[in-house]
Amino acid sequence: MKLNTHTDKAATSRRKNSAGGERGAALAMAMIIMVLIGVVAMTVLSVVSKEARISGSDLQRTQTCYVAAAKLENMTSDFSALFSRTTNPSTSQLNTIRDTDPAGLTAEGFSFPTPILSLDTVRLAELRVRAGIPTSSTALPRTTIPSGPFTGLSASVAPYKMSSTAQAGVTNVQCKLERSINNYLIPLFQFGMFSDKDIELHPGPAFTFNGRVHANGNIYVNGNVTFLDKVTTANELVRDVLRNGSVRTGSTVLMTVSGINVNIADGSVNNGPKLPGAASGQRGYHPDSPDGTANTSWESTSVAAPVSGTPNRFGGQLLTRTTGASQLLLPLQLGGNPTR
């Protein structure tokens, strides 16, 4: 009996020692796991913080570049408006445009250090050399307009450079954008027909015209007319009515584009160019003209490539206000002076 009792106590002691060892191992394992979890958490937190800083920095750069673009567009708009008053702007006029910052953006803490708006003398010298003009000359080089509504016309060119740098608040985040602008002076003699106001074609017999046509007003077409060259109007092409509101009587108006005779079946407006609700300066403000509505398909159809037998596809050879044509002002008209 004593031997049995001794044996039971030893077994109990071993069981107790074994349970204590298991508890110690579990505590150590739990602490290791907690350390590992802490390391993972700290790593994730570090990555998230870094990504947040990168994202915030990227957002700040993106906003700053948009602000620089806004300044650039503001200068471009004012620069274009300046040439409606003069063909030879002074340095002070250019500096006024350069130094006028968008008020809404400066109020939000953006600044615009060292903007640039000036004649690009480097490019001008290169163009003079290319044109064979002596470097001592002040003459503007002549060139052929490469794109836009007046493509192919010969013009004198004055290159300008424009730069906008935006800075966000007191940070070092900056964005700089640059733009090159060519100002073209187009000699008038290249047009077969040019009018500062409306042009109305009302021939008796069939009439074919092989020169370029431009109107700062509207163009009314009537009778049997065929255009062989480019036609541009700063406003509308009217086919349905005459300028006095009478219904047209002609049978066919054509434009020859790449050897294809394209029928001018519709104008940029239905009936007259006076559009409902138009205010001064807006499209359709022609108080003394016939009433009409906008031709909603003109913008997409009229610039499409010509197809034989399909009307109103002129491939850019007939342009109106909504498809890219603009006014051409004579020097004597600048500053709001009327033509004589």
Side-chain angles (χ1 to χ4, degrees), residues 149-150 191-280 282-328 339:
F150 304 111
F191 291 95
M193 295 186 200
F194 180 94
S195 175
D196 181 50
K197 304 298 181 183
D198 293 344
I199 290 178
E200 184 175 18
L201 297 179
H202 189 26
F207 176 65
T208 299
F209 192 73
N210 64 356
R212 293 185 69 133
V213 178
H214 178 80
N216 285 335
N218 303 292
I219 296 179
Y220 294 80
V221 289
N222 188 48
N224 297 322
V225 176
T226 300
F227 296 104
L228 301 182
D229 210 331
K230 196 163 186 174
V231 176
T232 52
T233 167
N235 286 288
E236 312 294 346
L237 180 82
V238 185
R239 185 186 180 278
D240 302 323
V241 298
L242 307 184
R243 195 176 185 281
N244 62 7
S246 302
V247 178
R248 72 183 297 274
T249 58
S251 56
T252 306
V253 182
L254 301 172
M255 169 164 278
T256 302
V257 185
S258 302
I260 301 173
N261 285 329
V262 181
N263 185 16
I264 303 177
D266 298 297
S268 59
V269 291
N270 301 312
N271 294 312
K274 180 182 176 182
L275 303 183
S280 179
Q282 295 179 337
R283 180 194 179 190
Y285 183 73
H286 304 286
D288 300 325
S289 301
D291 294 333
T293 57
N295 180 356
T296 56
S297 65
W298 178 263
E299 285 77 12
S300 57
T301 303
S302 67
V303 296
V307 175
S308 181
T310 303
N312 276 39
R313 296 175 61 128
F314 312 111
Q317 191 160 312
L318 172 55
L319 297 175
T320 62
R321 176 171 180 154
T322 57
T323 53
S326 58
Q327 282 193 329
L328 288 175
T339 54

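This structure is a prediction, so every number in the text was calculated from the model and none was measured.
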Can you see which heavy atom on [X] is nearest to which on [Y], and at what distance?
X	Y	value
A265	P311	CB-CB, 3.8 Å
A325	P149	CA-CB, 4.0 Å
V225	P203	CG2-CG, 3.7 Å
A234	S326	CB-C, 3.7 Å
N235	T320	O-CB, 3.4 Å

Nearest 0.5 Å, please: how far is [atom2] in [Y] from [atom1] in [X]?
X	Y	atom1	atom2	answer
L237	I219	CG	CD1	6.5 Å
T232	L328	OG1	CG	6.5 Å
N312	T301	CG	OG1	7.0 Å

Note to self: Using a 3.5 Å distance criterion without hydrogens, assess whether the side chain of Q317 forms a donor-acceptor pair with backbone atoms of F314.
What the structure shows: no
Check: Any donor and acceptor pair, going by atom type alone, linking the side chain of R248 with main-chain N or O of R239 inside 3.5 Å?
Finding: yes
Checklist line | Test log, rule side-chain contact (heavy atoms from CB on, under 4.5 Å), inputs L242 and Y220 | finding: CA-CA 6 Å; L242 307 184; Y220 294 80; 5.5 Å; no
Between [X] and [Y], does any side-chain donor sit less than 3.5 Å from a side-chain acceptor?
X	Y	result
N244	S246	yes
W298	T322	no
D229	N210	no

What I'd like to find out is whether the side chain of [X] reaches to under 4.5 Å of the side chain of [Y], using heavy atoms alone.
X	Y	answer
V247	D240	no
I199	V213	yes
K197	N216	no
N218	P273	yes

Item checked: Qualifying residues under ring pair (Phe, Tyr, Trp, His ring centres under 6.0 Å), relative to F191, sequence neighbours excluded -> F194, H214
Name every donor-acceptor pair, under 3.5 Å, that has one atom in a side chain of residues 253-262 and the other anywhere in the protein, sequence neighbours excluded.
unit_1: T256; atom_1: OG1; unit_2: N261; atom_2: OD1; d: 2.7

Next item on the list: Under the side chain to side chain contact (heavy atoms under 4.5 Å, CB included) rule, collect the residues that match up with A304, sequence neighbours excluded.
Entry: R313
Salt bridge (charged side-chain N to carboxylate O under 4.0 Å, His left out) against [X], all qualifying residues, sequence neighbours excluded:
X	result
D291	K274
R243	D198
R283	E236, E299

Item checked: Derivation and outcome, side-chain contact (heavy atoms from CB on, under 4.5 Å), residues I264 and L318 -> CA-CA 10 Å; I264 303 177; L318 172 55; 4.2 Å; yes
Next item on the list: Please assess V231 against L319 for the test side-chain contact (heavy atoms from CB on, under 4.5 Å), listing each intermediate value before the final yes or no.
Entry: CA-CA 6 Å; V231 176; L319 297 175; over 6 Å; no
Notebook entry, point to check: Can L201 and N222 be said to form a side-chain contact (heavy atoms from CB on, under 4.5 Å), step by step?
Noted result: CA-CA 6 Å; L201 297 179; N222 188 48; over 6 Å; no
